[in-house]
Amino acid sequence: MLEWRSSCLIKMKQKMKNATMDFPHQGRVLIAAHPFYSPKSSLALQREIRKDGLLEATASEVVSFVRKYFNGKKSRARDVTWIMRNGGFRGFTGILYDPATRLVSFLDRPVFNDAGFVDIGNLVQRVRDGDFYAQVPFKHAKSNVISWNKVAKYPYLVAWAGGQEGAEKLADLASKHPKKAVQLWVPDVSLLSEENRLLATITGLGSYQGGSELSCGDWYLDLVYHAFGLYRGAAEGSALEKPKETLVPKFRDDSFGLIAQVRSAREEIYTGGLGEIPGRLRAIGRQFSTLRETASQYSGEAHQEVRGYLKAVQNSIDALYQALEDLNNKR
């Protein structure tokens with residue numbers, strides 16, 4: 001009897017481990033794994049998620065995910081609602097506050113230092129390389145309570161949520177809370193100006209005051225949140241903007257697919273995973289050579305378009321080799 005019960009429990013856990021939850025995000029359907037990861041530090045969560053072969057969700061992806069399932073009636077949706085009302089979900093988006101430029105930069109999937117905090121130096125280098133998805137002036141960085149119908153026009157929240165689509169989803173989420181508002185938590189940037197120092201934070205989405213209003217947090221303290229992992233193919237592709245019309249759809253998709261591979265390799269370098277890098281570099285090189293050969297077959301406007309995609313791939317590969325060089329210089 002005990003053996004039968006143990007066997008059933010193991011099968012149930014395996015079934016839960018393989019459960020998925022899909023949701024729309026920026027023109028694609030992403031797939032999240034269920035059950036969720038219980039609250040831990042950001043670094044510990046990132047390591048657990050990647051150990052399972054998944055990718056940690058960014059702030060904008062968390063917004064899209066929660067917006068679909070919040071207040072839902074099915075069991076997994078109820079899990080989402082409970083977590084939101086009793087803490088929240090970690091969004092793996094780093095935010096850099098720079099008093100020298102008086103700009104706030106938003107970067108997805110930051111690197112963490114040995115102490116478990118967002119690595120400021122890494123964010124600074126990524127901003128210099130143009131590897132950020134949004135920036136807003138300091139004047140928009142203020143803790144505030146924003147009514148749900150003003151969220152989509154609030155510059156900081158538009159950046160925080162990954163663009164206009166994300167901000168509209170954030171507004172919809174806020175409207176489902178009793179107070180119909182977003183409590184935004186932002187560091188006091190006036191202190192940064194006085195001390196002339198950089199600050200890096202990490203995002204989180206939850207509820208405030210017992211679930212009465214939505215809460216967006218940018219924390220320099222690593223408060224614990226739940227998290228979920230995304231299946232890599234869909235998640236990496238979602239971060240790549242694809243034009244709606246193209247003369248070379250296959251070449252475009254092949255280029256974006258290769259960029260996704262390069263970004264994945266670069267993330268592994270940042271987190272110390274160098275074991276498979278040589279083989280991956282060779283594979284990336286072969287695919288890039290094939291792309292260049294294919295590009296030579298086009299002419300006219302199509303040729304101009306493929307040149308643009310090749311340039312994007314080349315920039316991504318250059319950033320990968322720069323990351324390797326930076327790591328080698330630190331040794």
Side-chain angles (χ1 to χ4, degrees), residues 5-42 44-93 108-109 148 161-162 165-166 168-178 180 182 202-208 210-217 223-239:
R5 289 182 63 185
S6 296
S7 176
C8 287
L9 285 170
I10 290 171
K11 288 180 181 179
M12 286 177 65
K13 288 181 178 179
Q14 289 174 340
K15 186 176 180 180
M16 289 178 67
K17 187 72 174 178
N18 295 329
T20 60
M21 300 174 71
D22 63 87
F23 61 100
H25 178 73
Q26 297 180 357
R28 295 177 64 91
V29 175
L30 304 191
I31 303 172
H34 186 274
F36 307 124
Y37 295 84
S38 55
K40 295 179 183 66
S41 70
S42 298
L45 284 170
Q46 183 191 63
R47 286 175 173 172
E48 283 195 18
I49 291 169
R50 293 192 176 187
K51 185 178 179 181
D52 289 339
L54 304 171
L55 197 63
E56 62 273 19
T58 65
S60 64
E61 290 163 347
V62 168
V63 169
S64 293
F65 176 79
V66 173
R67 189 246 191 170
K68 175 175 179 178
Y69 290 102
F70 186 74
N71 281 348
K73 295 182 178 180
K74 294 184 178 180
S75 60
R76 294 173 200 164
R78 290 198 299 269
D79 286 348
V80 173
T81 305
W82 185 91
I83 287 172
M84 285 292 293
R85 290 175 176 169
N86 293 274
F89 285 99
R90 168 66 66 218
F92 285 86
T93 293
D108 284 336
R109 299 189 176 94
W148 74 273
E165 176 188 319
E168 290 172 1
K169 290 179 178 179
L170 201 64
D172 183 61
L173 264 176
S175 72
K176 295 177 180 179
H177 287 69
K180 299 184 182 299
V182 171
I202 185 76
T203 58
L205 182 70
S207 295
Y208 184 59
S212 63
E213 62 189 13
L214 192 65
S215 173
C216 293
L223 303 181
V224 293
Y225 280 84
H226 284 76
F228 59 88
L230 300 170
Y231 287 92
R232 281 183 171 267
E236 289 164 345
S238 73

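Computation of the quantities below employed the complete heavy-atom set of this structure, encompassing side-chain atoms and omitting hydrogens, waters and symmetry-equivalent molecules.
The shortest heavy-atom contact between Phe65 and Ala32 is CE1-CB, 3.8 Å. Between Leu170 and Ala161 the shortest heavy-atom distance is CD2-CB, 4.4 Å. Listed here is the closest heavy atom pair of Arg50 and Glu56: NH2-OE2, 2.7 Å. The minimum heavy-atom distance linking Gly162 with Ser60 is given by the pair CA-CB, 4.0 Å.
The closest side-chain heavy-atom distance from Leu205 to Cys216 is below 4.5 Å. The shortest side-chain heavy-atom distance between Val80 and Lys68 does not fall under the 4.5 Å cut-off. Side-chain contact between Arg90 and Ile202 is present, with at least one heavy-atom pair separated by less than 4.5 Å.
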| message | If you apply the rule side chain to side chain contact (heavy atoms under 4.5 Å, CB included), what do you find for Leu54 with Tyr231, and how did you get there? | response | CA-CA 5 Å; Leu54 304 171; Tyr231 287 92; 3.8 Å; yes

| said: Test side chain to side chain contact (heavy atoms under 4.5 Å, CB included) on Tyr69 and Arg76; report intermediate values, then the result. | reply: CA-CA 8 Å; Tyr69 290 102; Arg76 294 173 200 164; 5.8 Å; no

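For Ala44, the side chain to side chain contact (heavy atoms under 4.5 Å, CB included) partners at least two apart in sequence or on another chain are Lys40, Ser41. Residues meeting the side-chain hydrogen bond (donor to acceptor under 3.5 Å, both in side chains) test with Arg85, sequence neighbours left out: Asn71. In terms of the side chain to side chain contact (heavy atoms under 4.5 Å, CB included) criterion, residue partners of Thr93 (sequence neighbours excluded) are, by chain and number, Thr58, Ala59, Asp108, Tyr133, Thr203. With sequence neighbours excluded, no residue forms a salt bridge (charged side-chain N to carboxylate O under 4.0 Å, His left out) with Glu168. Legend: residues meeting salt bridge (charged side-chain N to carboxylate O under 4.0 Å, His left out) with Glu213, ordered by chain and number and at least two apart, are absent. In this structure Phe89 satisfies the ring pair (Phe, Tyr, Trp, His ring centres under 6.0 Å) test together with Phe36, Phe228, sequence neighbours excluded. Partners of Lys176 under the salt bridge (charged side-chain N to carboxylate O under 4.0 Å, His left out) rule, at least two apart in sequence or in another chain, are Asp172. By the ring pair (Phe, Tyr, Trp, His ring centres under 6.0 Å) test, His177 is found to be paired with Phe70, residues two or more places apart in sequence or in another chain being considered.
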